[in-house]
Amino acid sequence: MAATPPRFVPLDWNREPESVQLAAIAEFEAVMKRRRTVRHFSPEPVALELIERAITVAGTAPSGAHQQPWRFVVVSDPVKKREIRLAAEAEEKENYEHRFPPEWLEALAPLGTDWRKEFLETAPFLIVVFRLDYGWNEEGQKTKHYYVPESVGIACGFLLAALHVAGLATLTHTPNPMGFLARICGRPANERAFLLIPVGYPAAGTQVPDLVRKPLEDILVLLDGLPSEASIT
Ligand code: IYR
């Protein structure tokens, strides 16, 4: 099959003064610093448009060969949510009681989690993110997808940030093994569950673990950096 020739269009880009750049990143940093994983949701409904727009943002993520190997399934039907909860709790009960080694349980202890997943029914929306391990071209032939977990992981990052900016709380949940999600959501064979994200408003009085984020000096390594007097302080 002949390769598609490249086609280019002008980049849509505004060069801003550095003061504007700094103000923009400072504002975004302040917003993102307030993002927390929430495990207790209010049943209060959420406007579907907020979810659709956040998924639109997720769909702007870069992906291997621009194959966009993702699908976002939005579940709000209480019957489906219950089915997902029961299947997830069955896996998590096994995880917590038999499959997780002691070191894993120890690492989880500060989060206060257990196998019960009430939030899968209380949150008004569950977004099930599927990775598309392969696709089909116009001739119906299977096409390989490249860098699928990297691409879907980046899209999930965009999605979590967008939902937070939209004033919604999220939980990044992985009730492994997650095979039941493709079955319950009726997805085709090339789609595999990647992440399950309950979305909603936090329940009144929600508390979160008292976590501390690593400071910049612990996560940033400047190789061949500028001399210190030239850096922005
Ligand atoms: N998926 C389980 C266990 C769990 C694992 C990790 I790593 C976490 O950061 C949190 C939980 C659960 O959701 O309880």
Side-chain angles (χ1 to χ4, degrees), residues 27-61 68 70-93 95 111-132 152-176 178-188 191-211:
E27 193 185 333
F28 190 57
E29 177 189 317
V31 169
M32 292 308 289
K33 278 182 168 166
R34 296 183 63 224
R35 188 206 58 80
R36 291 300 310 263
T37 286
V38 158
R39 290 192 164 77
H40 304 279
F41 290 86
S42 154
E44 188 187 339
V46 163
L48 179 60
E49 188 181 353
L50 293 173
I51 306 292
E52 289 175 340
R53 290 193 161 219
I55 292 171
T56 303
V57 172
T60 68
Q68 305 167 82
W70 44 63
R71 190 91 67 205
F72 303 89
V73 175
V74 175
V75 183
S76 57
D77 172 16
V79 176
K80 284 275 176 222
K81 286 198 294 178
R82 179 156 187 80
E83 210 180 324
I84 290 173
R85 176 185 176 175
L86 293 177
E89 285 184 334
E91 293 297 354
E92 293 289 26
K93 201 161 192 300
N95 287 336
L111 304 180
T113 56
D114 63 27
W115 63 266
R116 289 175 196 84
K117 304 298 172 193
E118 194 187 341
F119 51 73
L120 292 172
E121 281 191 273
T122 359
F125 287 112
L126 306 178
I127 303 178
V128 193
V129 184
F130 288 90
R131 53 182 281 176
L132 276 55
V152 184
I154 295 167
C156 286
F158 279 30
L159 179 61
L160 296 173
L163 291 164
H164 175 65
V165 165
L168 294 167
T170 56
L171 167 54
T172 35
H173 184 38
T174 50
N176 277 317
M178 296 198 284
F180 65 89
L181 288 167
R183 178 178 50 77
I184 294 175
C185 298
R187 302 316 302 162
E191 296 190 14
R192 195 145 53 100
F194 183 80
L195 196 58
L196 171 52
I197 310 177
V199 185
Y201 295 103
T206 288
Q207 301 228 318
V208 292
D210 187 13
L211 303 180

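In what follows, residues are counted from 1 in the order of the sequence shown.
Using a 4.0 Å cut-off between charged nitrogen and carboxylate oxygen, K33 and E29 count as a salt-bridge pair.
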Please output the side-chain donor-acceptor pairs of residues 159-170 that fall under 3.5 Å, not counting sequence neighbours, one pair per line with the distance.
{"unit_1": "H164", "atom_1": "NE2", "unit_2": "V31", "atom_2": "O", "d": "2.6"}

Can I get a per-line list of side-chain donor-acceptor pairs under 3.5 Å for residues 112-124, giving both atom names and the distance, sequence neighbours left out?
{"unit_1": "T113", "atom_1": "OG1", "unit_2": "Y96", "atom_2": "OH", "d": "2.7"}
{"unit_1": "D114", "atom_1": "OD1", "unit_2": "R116", "atom_2": "N", "d": "2.8"}
{"unit_1": "D114", "atom_1": "OD2", "unit_2": "R116", "atom_2": "NH1", "d": "3.2"}
{"unit_1": "K117", "atom_1": "NZ", "unit_2": "D114", "atom_2": "O", "d": "2.8"}
{"unit_1": "E121", "atom_1": "OE1", "unit_2": "R82", "atom_2": "NH1", "d": "2.9"}
{"unit_1": "E121", "atom_1": "OE1", "unit_2": "R85", "atom_2": "NH1", "d": "2.8"}
{"unit_1": "E121", "atom_1": "OE2", "unit_2": "R82", "atom_2": "NH1", "d": "3.3"}
{"unit_1": "T122", "atom_1": "OG1", "unit_2": "E118", "atom_2": "O", "d": "2.9"}

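Counting heavy atoms from C-beta outward, L171 and I197 have side chains that stay 4.5 Å or more apart. Residues W70 and C156 are not in side-chain contact: their nearest non-hydrogen atoms beyond the backbone lie 4.5 Å or more apart. When side chains are defined from C-beta on, L211 counts as touching R36, because their heavy atoms get closer than 4.5 Å. The closest side-chain heavy-atom distance from F125 to L48 is below 4.5 Å. By the 4.5 Å heavy-atom criterion applied to side chains, E52 and I55 are not counted as neighbours.
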Go through the steps for F41 and T206 under the test side-chain contact (heavy atoms from CB on, under 4.5 Å), then give the verdict. CA-CA 8 Å; F41 290 86; T206 288; over 6 Å; no
Between T37 and V208, is a side-chain contact (heavy atoms from CB on, under 4.5 Å) present by the stated rule, with each step listed? CA-CA 8 Å; T37 286; V208 292; over 6 Å; no
Begin with the C-alpha distance, continue with both residues' side-chain angles, and end with the deciding distance and a verdict on side-chain contact (heavy atoms from CB on, under 4.5 Å) for Q207 and R39. CA-CA 9 Å; Q207 301 228 318; R39 290 192 164 77; over 6 Å; no
Applying side-chain contact (heavy atoms from CB on, under 4.5 Å), run through E27 and M32 and close with a yes or a no. CA-CA 9 Å; E27 193 185 333; M32 292 308 289; over 6 Å; no
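Heavy-atom minimum distance, F158 versus V57: CD2-O, 3.7 Å. Considering all non-hydrogen atoms of both residues, A87 and F180 come closest at CB-CD1, 3.4 Å. Scanning all heavy atoms of the two residues, the minimum distance from Y201 to L50 falls at OH-CD1, 4.2 Å. When all heavy atoms of P198 and L196 are compared, the closest pair comes out as CD-O, 3.4 Å.
Here the straight-line distance linking atom CG of L195 with atom NE2 of H173 works out to 9.5 Å at 0.5 Å rounding. For the atom pair CZ of R192 and CG of L132, the computed distance is 11.0 Å after rounding to the nearest 0.5 Å. Here CZ of F194 is found 13.5 Å from CG of L181. Values are rounded to the nearest 0.5 Å.
When V75, V73, L126 are each tested for a side chain to side chain contact (heavy atoms under 4.5 Å, CB included) with K80, only one passes: V75.
Surrounding CZ of R187 are more than 12 heavy atoms belonging to other residues, nucleotides or ligands, all under 6.0 Å away.
Under the 3.5 Å distance criterion, the side-chain polar atoms of T174 are left unmatched by any main-chain donor or acceptor of N176.
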